[in-house]
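Down below is the structure, laid out as structure tokens.
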Amino acid sequence: MAGNGGEGAVGKVTCAAWIRRREDDGPPGVSRLLVAFGRDATASSPPLVDLLEFDAGASALASEPLVRVVVGEEAADTPRTIAVHPGGRELVCATAKGCRVFKLLCRDFGIHLIPNDASPIQSVGPQKCLTFSTDGTKFAIGGEDGHLRIFHWPSLNVILDEPKAHKSFRDMDISLDSELLVSTSNDGSARIWKIDEGSPLINLTKSLDEKIEYCRFSRDGTKPFLFCTLVKGHNILTMAVDISNWKRIGYKRFSAKPISTLSVSLDGKYLALGNRDGDFCAVEVKTMEVAHWSKKVHLGFPISSIEFCPTERVVISTSHQWGAEITKLDVPPEWKVWQIWLVLLSLFVSSAVLFYLFFKHARLNLLP
């Protein structure tokens, strides 16, 4: 497993997140891929956060962390989930006590994680959900106690503070335009919130035998949808909702097993659904067909999180029993920008050669 790599002294991976870091003084368009691991405490090691380099060519993590920081001294300081700012310069860890913020700095030929003051969220208790808006200007947390808080980032000035948003949070996401937030509860309800107004917009409708569990907004920049996993009696479904009128568009069954997590790729082309048996599938959004299946990735235990790599068709999944696992998706490869330019250059050169040969042949025919 990617998270346990033979390090007996440190704790097992409890959560993970990708970091795409663009350097100010680096080449334009080039970014560095890292993975942040939260680790629990052991008899000889406190709760930790590790940063590891990701090798896109090998689809593998480095064996040793670039940097390791101690989150606290107690088991209650163990990271439960991690959210990374879209700019790759800050990350937030949720613990049983509240949230810790770390700044990611590159200096003195190395990477450093520096604790940052975040008093408004440091003692808020256990949080189930953390998420940044796409533009990085908003940050939202949903607590196990059902308390929803939305902040401006990085000032942490409060936009919304709703103690009774839900009985207890299950999942949460922010729309691509950073205007809407969707949240779901352990009781099967789902609500839409207007972020800038700091108020609820609508409750998604459901029948008495339905539970809406996990939710993600579409991210491909075309017609916006909301994807939700739905338990309807004994059926496990994934539904699409049109966010212009909040009406359901359709349903599809991808897994016979209960879903335990849902994710969408950064370009919006794929959904990933993890289930409680440790399997996951990747679904192509355009066709709503399964493009990849991975069985027993976590050997019979629920997948607690799954997240797409920002630049590669690779996912990192976690479970409480087995830590983290890196999986390369068996899907058609994407055309890279340089490949497109190479094809265009080849067509241009071929056209020039053909034009030259045609012109030369025409001149020979015109000669007496």
Side-chain donor-acceptor contacts of residues 147-155 below 3.5 Å, not counting sequence neighbours, with atom names and distances?
{"unit_1": "H147", "atom_1": "ND1", "unit_2": "R149", "atom_2": "NH2", "d": "3.2"}
{"unit_1": "H147", "atom_1": "NE2", "unit_2": "D161", "atom_2": "OD1", "d": "2.4"}
{"unit_1": "W153", "atom_1": "NE1", "unit_2": "E90", "atom_2": "OE1", "d": "3.0"}
{"unit_1": "S155", "atom_1": "OG", "unit_2": "N157", "atom_2": "N", "d": "3.3"}
{"unit_1": "S155", "atom_1": "OG", "unit_2": "N157", "atom_2": "ND2", "d": "3.1"}

Just distance, no hydrogens or angles: give the donor-acceptor pairs under 3.5 Å from side chains in residues 239-246, sequence neighbours left out.
{"unit_1": "D242", "atom_1": "OD1", "unit_2": "S244", "atom_2": "N", "d": "2.9"}
{"unit_1": "D242", "atom_1": "OD1", "unit_2": "S244", "atom_2": "OG", "d": "2.7"}
{"unit_1": "D242", "atom_1": "OD2", "unit_2": "K223", "atom_2": "NZ", "d": "3.4"}
{"unit_1": "D242", "atom_1": "OD2", "unit_2": "S244", "atom_2": "OG", "d": "3.3"}
{"unit_1": "N245", "atom_1": "OD1", "unit_2": "K247", "atom_2": "N", "d": "2.9"}

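No side-chain heavy atom of D279 sits less than 4.5 Å from a side-chain heavy atom of H298. Residues L104 and R21 are in side-chain contact: their nearest non-hydrogen atoms beyond the backbone lie under 4.5 Å apart. Side-chain contact between T229 and L273: present, with at least one pair of heavy atoms (C-beta onward) separated by less than 4.5 Å. Side-chain contact between R80 and P126: present, with at least one pair of heavy atoms (C-beta onward) separated by less than 4.5 Å. M288 is not listed as a side-chain neighbour of Y251, based on a closest heavy-atom distance of 4.5 Å or more. Between F37 and V49 the shortest side-chain heavy-atom distance does not fall below 4.5 Å. K269 has its side chain out of reach of E284: every pair of non-hydrogen atoms, C-beta onward, lies at least 4.5 Å apart. You'll find the side chain of R100 reaches within 4.5 Å of the side chain of V71, heavy atoms only.
Nearest heavy atom pair, residue P47 against residue G72, reads CD-O, 3.3 Å. Shown here for L329 and A282, the closest heavy-atom pair between the two residues is CD1-CB, 4.1 Å. Shortest non-hydrogen contact noted between V92 and C99 is CG1-CB, 3.8 Å. Shown here for D77 and T95, the closest heavy-atom pair between the two residues is O-CG2, 3.4 Å. Closest of all the heavy-atom pairs between L52 and P65 is CG-CA, 4.0 Å. Minimum interatomic distance between L237 and R253 (heavy atoms only, all atoms of both residues): CD2-CB, 4.0 Å.
Here the CD atom belonging to E213 is positioned 11.5 Å from the OG atom belonging to S189, to the nearest 0.5 angstrom. Of the inter-residue distances, the one linking S175 atom OG with I195 atom CD1 reads 6.0 Å to the nearest 0.5 angstrom. One distance of note links CZ of R68 with CG of L113; it measures 12.0 Å at 0.5 Å rounding. Here the straight-line distance linking atom OG of S133 with atom NE2 of H85 works out to 7.0 Å at 0.5 Å rounding. Taken to the nearest 0.5 Å, the CD1 atom of I159 stands 12.5 Å off from the NZ atom of K194. Separation of atoms CG (L204) and CG (L226) is listed at 6.5 Å; rounding is to 0.5 Å.
In terms of hydrophobic clustering, with Ile, Leu, Val, Met, Phe, Trp and Tyr side chains grouped at heavy-atom distances under 4.5 Å, V264 and I19 are assigned to different clusters. The same ILVMFWY cluster, assembled from side-chain heavy atoms under 4.5 Å apart, contains both L61 and L33. Both V101 and V158 belong to a common hydrophobic cluster when Ile, Leu, Val, Met, Phe, Trp and Tyr are linked at side-chain heavy-atom distances under 4.5 angstrom. V10 and V70 fall within a single hydrophobic cluster, where Ile, Leu, Val, Met, Phe, Trp and Tyr are joined by side-chain heavy atoms under 4.5 Å apart, directly or via other members. The same ILVMFWY cluster, assembled from side-chain heavy atoms under 4.5 Å apart, contains both V67 and F102.
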Practice prompt. Report the C-alpha separation of R20 and L266 in whole Å, then their side-chain angles, then the decisive distance to 0.1 Å, and conclude whether the side chain to side chain contact (heavy atoms under 4.5 Å, CB included) test is met.
Written response: CA-CA 11 Å; R20 180 170 61 171; L266 197 64; 3.4 Å; yes
Item to complete: Show your working on side chain to side chain contact (heavy atoms under 4.5 Å, CB included) between V283 and E289 and close with a plain yes or no.
Response: CA-CA 5 Å; V283 175; E289 298 289 342; 5.9 Å; no
Worksheet item: Can you check side chain to side chain contact (heavy atoms under 4.5 Å, CB included) on H234 and D209, steps first, answer last?
Response: CA-CA 9 Å; H234 296 292; D209 66 337; over 6 Å; no
Discussion item. Between D145 and K167, is the salt bridge (Lys or Arg N to Asp or Glu O under 4.0 Å) condition met? List the steps.
Written reply: CA-CA 6 Å; D145 58 359; K167 290 183 178 179; over 6 Å; no
Worksheet item: For K257 and I236, what are the C-alpha separation, side-chain angles and deciding distance, and is it a side chain to side chain contact (heavy atoms under 4.5 Å, CB included)?
Response: CA-CA 7 Å; K257 305 294 183 180; I236 312 299; over 6 Å; no
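Residue K138 places its NZ atom among more than 12 non-hydrogen atoms of other residues, nucleotides or ligands, all under 6.0 Å distant. No more than 12 heavy atoms of other residues, nucleotides or ligands sit less than 6.0 Å from atom NE2 of H320.
Side-chain atoms of T184 do not come within 3.5 Å of backbone N or O of I212 as any donor-acceptor pair. Checked by atom type and distance alone, the side chain of T14 pairs as donor or acceptor with a backbone atom of G38 at under 3.5 Å. Not one N or O on the side chain of S45 forms a donor-acceptor pair closer than 3.5 Å with the backbone of T42. Counting only distance, with no hydrogens or angles, the side chain of T81 and the backbone of A94 share no donor-acceptor pair below 3.5 Å. Between the D40 side chain and the K12 main chain, a donor and an acceptor come within less than 3.5 Å of each other. Checked by atom type and distance alone, the side chain of S319 pairs as donor or acceptor with a backbone atom of W322 at under 3.5 Å. Judged purely by atom type and a 3.5 angstrom limit, S260 uses its side chain to pair as donor or acceptor with the backbone of I303. A donor-acceptor pair is defined here as one N or O able to donate and one able to accept, closer than 3.5 Å; such a pair exists between the side chain of R39 and the backbone of G11. Distance alone, capped at 3.5 Å, places no donor-acceptor pair between the N203 side chain and the R191 backbone. Although no hydrogens or angles enter the test, the distance criterion places a donor-acceptor pair under 3.5 Å between the side chain of E162 and the main chain of K164.
A salt bridge between E312 and K328 is absent, with no side-chain N of the basic residue lying under 4.0 Å from a carboxylate O of the acidic one. A salt bridge between R170 and D187 is absent, with no side-chain N of the basic residue lying under 4.0 Å from a carboxylate O of the acidic one. Between R248 and E210, at least one side-chain N (NZ, or NE/NH1/NH2) sits under 4.0 Å from a carboxylate O, which counts as a salt bridge.
Residues T134 and R219 bring a donor and an acceptor atom of their side chains to less than 3.5 Å of each other. Donor-acceptor pairing under 3.5 Å is lacking for the side chains of T261 and S305. Side-chain atoms of D220 and S218 include no donor-acceptor pair closer than 3.5 Å. For the residue pair W193/S183, the side-chain donor-acceptor check at 3.5 Å is satisfied. Between the side chains of S119 and Q122, not a single donor N or O lies within less than 3.5 Å of an accepting N or O.
Ring centers of F169 and H166: under 6.0 Å apart, within the cut-off. Ring pair F308/W18: centre-to-centre distance not below 6.0 Å.
Using the six-membered ring where Trp is involved, F139 and F132 have ring planes that are tilted, between 30° and 60° apart.
Cation-pi contact between R313 and Y270: absent, since separation from the ring centre below 6.0 Å together with deviation from the ring axis within 45° is not met.
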